[in-house]
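Here's the structure, in structure tokens; my notes come after.
Protein chains get the first letters and strands the later ones, always in sequence-line order, with residue 1 at the start of each. Side chains are part of it too, since the values below use all heavy atoms of this structure and drop only hydrogens, waters and symmetry mates.
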Number of protein chains: 2
Amino acid sequence: MLFSKSCIYGLRASLYLASNQNGEYISIGKLSDKLDISFHFLTKILQQLTANDLLESLKGPNGGVRLSKPGKQITLLDIVLAIDGDELFQECVLGLPGCGMEKPCPFHEIWLHKRDDIKRMLETRSLAEMAKEGKEGHLRITPDGKYKWD
Amino acid sequence: MLFSKSCIYGLRASLYLASNQNGEYISIGKLSDKLDISFHFLTKILQQLTANDLLESLKGPNGGVRLSKPGKQITLLDIVLAIDGDELFQECVLGLPGCGMEKPCPFHEIWLHKRDDIKRMLETRSLAEMAKEGKEGHLRITPDGKYKWD
DNA sequence: AATATTTAAGAGTATTTTGTCTTATTTATA
DNA sequence: TATAAATAAGACAAAATACTCTTAAATATT
Ligand code: SF4
Ligand code: SF4
């Protein structure tokens with residue numbers, strides 16, 4: 001699996017937030033309900049995003065979470081790094097410790113640009129862009145495809 | 001992580017076998033020793049490869065495992081599929097069930113060719129080829145780089 | 001035939017990841 | 001100020017992955 005479950009949930013929730021972006025906070029209860037993700041588990045994940053200044057949260061009535069900046073300024077890579085870290089882009093394929101150019105494994109040559117490709121792909125796509133495409137293309141971010149980008 | 005630990009171990013062991021390819025069996029004890037992988041764990045993994053007809057095994061003195069066909073005819077993808085299955089190439093990025101073209105998620109468009117790229121990369125590289133490059137380039141397949149392709 | 005060497009198989013343990021539950025803490029609103 | 005609604009935090013539980021150990025089966029060599 002490319003991304004951890006946590007990361008996937010984080011991405012889906014972020015896309016939701018980006019698509020409903022108009023300043024107000026959205027409760028995690030609503031998010032977990034719409035996206036079919038366990039409430040408490042999602043809470044933890046979003047806390048990581050909040051800790052990384054990608055989200056803002058507010059307690060109390062009408063509280064919830066929202067993007068900390070315009071969705072255009074948050075990339076998919078931001079989310080991935082906040083949750084899964086950069087190991088996918090550092091440790092890479094054979095998982096040998098202390099990897100890099102100095103002491104490469106046989107995969108290095110062929111894997112390196114694929115890896116960087118993926119990184120660039122995540123880096124050049126903003127949440128806003130992805131959400132827009134999702135909305136316009138009626139693409140799904142829930143298992144059952146129930147969520148319709150309201 | 002792209003590949004499971006099991007898969008990584010399987011790949012490293014396969015590369016070793018391909019590089020020492022001259023018909024005789026190599027004991028798993030030697031493999032586990034050279035590659036710094038737990039003997040019993042490696043045994044299980046290689047059993048999967050044997051079950052998939054990628055390796056042949058022989059019990060008893062001078063027994064061990066060897067490639068079941070010339071290293072040129074076994075691809076990296078063969079090893080990966082035998083151990084990790086095709087979920088990486090089927091379920092893909094957001095892990096939504098029943099994925100594919102019919103009900104795509106927002107990642108589909110951007111991820112699909114990267115995914116296929118990776119698959120093709122694994123499909124077009126044989127163990128023989130990788131081992132040759134590893135040998136000639138003095139690349140490492142052990143954590144400490146101790147193994148020197150003898 | 002006996003023995004030693006090796007893989008096969010399967011039970012068992014440890015660690016990591018994933019998910020749940022309970023108890024604070026904060027804040028808007030009446 | 002009291003209450004209700006929400007996140008924060010952390011303990012706990014379950015499941016998946018990674019790893020270990022023991023016993024059985026096969027085979028080459030003596
Ligand atoms: S040598 Fe390169 S390709 Fe191989 S594991 Fe290290 S960083 Fe990845
Ligand atoms: S819709 Fe496409 S990209 Fe998204 S999870 Fe399914 S197969 Fe992968």
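Look at CD on B:Glu56: it is 16 Å from C1' on C:dT6, rounded to the nearest Å. The separation between B:Gln48 atom CD and C:dT7 atom P is 16 Å, rounded to whole Å. Per the geometry, CG belonging to A:Asn52 stands 13 Å off P belonging to D:dA8, to the nearest Å. Look at CG on A:Asp36: it is 12 Å from P on C:dG19, rounded to the nearest Å. The interatomic distance linking B:Phe39 (CZ) with D:dT23 (C1') rounds to 13 Å, in whole Å. Computed from coordinates, the B:Lys59 NZ to C:dT7 P distance equals 10 Å when rounded to whole Å. When the C1' atom of C:dG19 is taken as reference, atom NZ of A:Lys44 falls 10 Å away, rounded to whole Å. Distance A:Ile45 CD1 to C:dT17 P: 13 Å, rounded to the nearest Å.
A donor N or O paired with an acceptor N or O is not found under 3.5 Å between the base of C:dT7 and the side-chain atoms of B:His40.
Distances shorter than 4.0 Å separate none of the side-chain N or O atoms of A:Tyr25 from OP1 or OP2 on C:dA28. Applying the 4.0 Å criterion to OP1 and OP2 of C:dT29, one finds that A:Asn62 has a side-chain N or O inside that range. Contact between the side-chain N/O atoms of A:Ser38 and the OP1/OP2 oxygens of C:dG19 is not found at any separation under 4.0 Å. The phosphate of C:dT6 has neither OP1 nor OP2 within less than 4.0 Å of any side-chain N or O from B:Ser27. OP1 or OP2 of D:dA8 lies within a sub-4.0 Å distance of a side-chain N or O belonging to A:Ser57.
Both A:Pro61 and A:Lys5 lie near DNA chain C, and the one whose nearest nucleotide falls closer to the 5' end is A:Lys5. If A:Val65 and B:Leu58 are placed on DNA chain D by their nearest nucleotide, the residue sitting closer to the 5' end is A:Val65.
Panel note: side chain B:Arg66, backbone B:Glu24; no donor-acceptor pair is recorded below 3.5 Å.
Between A:Lys114 and A:Asp117 there is no salt bridge, since no side-chain nitrogen of the basic residue lies less than 4.0 Å from a carboxylate oxygen of the acidic one. The pair B:Glu133-B:Arg125 meets the salt-bridge criterion, since a charged nitrogen lies less than 4.0 angstrom from a carboxylate oxygen.
A donor-acceptor contact closer than 3.5 angstrom is absent between the side chains of A:Asp36 and A:Thr142. A donor and an acceptor atom, one from each side chain of B:Ser19 and B:Tyr147, are located under 3.5 Å apart.
Nearest to the side chain of B:Tyr9, among D:dA18, D:dA8, D:dC19, sits D:dC19.
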